[in-house]
Amino acid sequence: MLSCKEVTHLVSESLDRKLSISERFRMQLHFRICAYCRNFRRQMTFLRQACRRLAEGKAPFDSDQG
Amino acid sequence: MSHPANTASPGAADALAALEAHRSYLVRYAMLQLRDPVKAEDAVQETLLAALENQARFAGKSQVRTWLTGILKHKIVDQLRAQSRETAISGLVAEGDGEDDDVAVFDALFNGRDHWGDDRPSDWGDPERTLENKRFWETFEMCSKLMSAQVARVFMMREVLGLSTEEICKDLSITPTNCWVMLYRARMSLRMCLEKRWFGEGSKGK
């Protein structure tokens with residue numbers, strides 16, 4: 001069984017490379033029993049979403065919206 | 001002294017003024033990635049000039065800011081590439097800076113069996129609502145400054161500029177494993193900070 005720490009590495013790497021079938025399987029297995037790692041996975045997706053928003057120039061971080 | 005663009009055509013001054021309205025946004029965007037006010041200003045200046053020259057091409061486009069950000073992205077990538085060539089050797093030596101601190105901080109999140117300890121990842125709720133909140137972006141900016149310069153550069157190249165890890169490895173002369181480790185550190189650091197400063201209990205956010 002993967003540890004939470006190992007899962008955090010795999011979740012991060014899944015954003016940068018294609019994981020092997022075995023890695024994905026073991027990660028899914030872990031998610032089934034670990035709500036914290038599921039939260040972690042959603043947090044990583046959120047970070048990517050935030051950066052994309054920034055990249056598109058759609059982050060509302062100033063007063064002169066346009 | 002008048003700007004050359006002001007005399008180019010009657011509409012040029014208006015066009016410049018319209019583009020200038022986006023300057024502060026663009027500077028903040030560039031600062032996140034370059035971390036150097038002078039370099040950020042340079043990149044934005046070049047972007048606005050390039051935009052002015054290519055004005056005809058964006059005429060009628062509704063998303064001017066998206067278009068400008070696209071140009072700026074290229075300018076930032078150029079800057080980062082030049083920077084990485086300059087610091088290729090010294091960078092290798094300096095790369096270890098802060099590394100041990102990072103690892104110690106992340107390790108503290110896990111217990112002896114490498115499962116989550118006391119600071120467990122919480123549910124961050126509806127992403128849309130958060131991303132529309134101006135104050136969230138202030139926190140995001142602040143948190144992104146906590147990463148070491150090396151880690152931040154790799155993270156921004158990957159996530160904001162949208163380069164592949166292969167491209168980043170080539171640009172910075174690092175191995176894929178090194179790249180993944182840096183990205184991991186960046187994400188862990190950013191999420192920890194956001195968890196504490198924005199999403200956490202007692203934070204004034206949300």
Side-chain angles (χ1 to χ4, degrees), chain A, chain B residues 18 21-26 28-29 32 63-70 72-73 106-107 109-111 113-116 120-124 127-128 130-134 136-138 140-141 155-156 158-162 164-165 176 179-181 183-188 190-191 194-195 199:
Chain A
M1 185 55 135
L2 290 174
S3 68
C4 296
K5 192 176 172 182
E6 287 168 319
V7 169
T8 60
H9 278 279
L10 282 180
V11 170
S12 174
E13 286 180 30
S14 74
L15 298 169
D16 308 311
R17 68 175 175 92
K18 199 167 163 38
L19 299 184
S20 72
I21 292 172
S22 139
E23 284 171 327
R24 265 179 290 161
F25 177 76
R26 294 196 298 160
M27 202 168 66
Q28 290 305 330
L29 212 60
H30 185 102
F31 286 142
R32 285 175 72 171
I33 58 151
C34 181
Y36 303 126
C37 283
R38 289 199 298 272
N39 283 345
F40 179 84
R41 175 180 54 178
R42 275 195 296 272
Q43 293 181 358
M44 292 298 109
T45 312
F46 172 83
L47 290 184
R48 173 149 285 182
Q49 244 178 305
C51 289
R52 194 147 298 165
R53 195 65 63 99
L54 194 62
E56 289 167 353
K58 288 178 187 157
F61 64 21
D62 64 359
S63 47
D64 54 37
Q65 276 299 305
Chain B
H22 300 282
R23 180 186 283 274
S24 77
Y25 179 92
L26 296 173
R28 282 177 86 169
Y29 177 92
L32 266 176
Q63 299 285 355
V64 178
R65 182 169 288 181
T66 306
W67 179 69
L68 287 172
T69 314
L72 179 57
K73 248 197 242 185
F106 302 151
D107 276 352
L109 289 170
F110 303 99
N111 63 24
R113 289 180 5 266
D114 280 349
H115 291 288
W116 294 105
R120 306 175 181 108
S122 68
D123 181 353
W124 285 2
E128 269 317 304
T130 308
L131 294 172
E132 279 162 15
N133 190 327
K134 252 180 217 179
F136 166 76
W137 286 99
E138 283 163 20
F140 184 93
E141 266 183 301
F155 181 71
M156 294 299 172
R158 175 79 186 109
E159 297 292 347
V160 183
L161 305 174
S164 69
T165 41
C179 195
W180 293 326
V181 169
L183 288 167
Y184 175 78
R185 297 220 302 257
R187 291 172 183 136
M188 289 296 274
L190 201 49
R191 78 152 279 279
L194 289 175
E195 181 91 81
F199 296 101

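A note on names: the letters A, B, ... follow the listed sequences, proteins ahead of strands, and every chain is numbered from 1.
Contact tally against chain A (heavy-atom pairs below 4.5 Å) for B/R158, B/M156, B/E132, B/K73: the top residue is B/R158. Taking chain B as the reference chain and counting heavy-atom pairs below 4.5 Å, the highest number among A/R38, A/R42, A/M44 is found for A/M44.
Contact annotation for B/R187: both backbone and side-chain heavy atoms come within less than 4.5 Å of a heavy atom of chain A. For a residue to count as touching a neighbouring chain, one of its non-hydrogen atoms must lie under 4.5 Å from one of that chain's; by this rule B/L194 touches chain A with the side chain only.
Residues from residues 9-20 of chain A that place a non-hydrogen atom less than 4.5 Å from a non-hydrogen atom of chain B comprise A/H9, A/S12, A/E13, A/L15, A/D16, A/R17, given in numerical order. Residues of residues 45-52 of chain A lying under 4.5 angstrom from chain B, judged on non-hydrogen atoms, are A/F46, A/L47, A/R48, A/Q49, A/A50, A/C51 by number.
We find the CZ-CG distance between A/F40 and B/L109 to be 9.0 Å, quoted to the nearest 0.5 Å. We find the CG-SG distance between B/N111 and A/C4 to be 8.0 Å, quoted to the nearest 0.5 Å. Here the NE2 atom belonging to B/H115 is positioned 8.5 Å from the SG atom belonging to A/C37, to the nearest 0.5 angstrom.
The shortest non-hydrogen separation linking A/Q43 to B/S122 is NE2-O, 2.9 Å.
With hydrogens and angles ignored, the 3.5 Å screen pairs no side-chain donor or acceptor of B/D114 with any backbone N or O of A/K5. At distances below 3.5 Å, at least one donor-acceptor pair connects side-chain atoms of B/T66 with backbone N or O atoms of A/E56.
Crowding of A/I21 atom CD1: a count of heavy atoms from other residues, nucleotides or ligands under 6.0 Å not exceeding 12.
At least one side-chain heavy atom of A/L54 sits under 4.5 Å from a side-chain heavy atom of B/Y29. A/E6 is not listed as a side-chain neighbour of B/F110, based on a closest heavy-atom distance of 4.5 Å or more.
B/E128 has a carboxylate O that lies under 4.0 Å from a charged side-chain N of A/R53, or vice versa, which qualifies the two as a salt bridge.
No hydrogens or angles considered: a donor-acceptor pair under 3.5 Å links the side chains of A/T8 and B/Y184.
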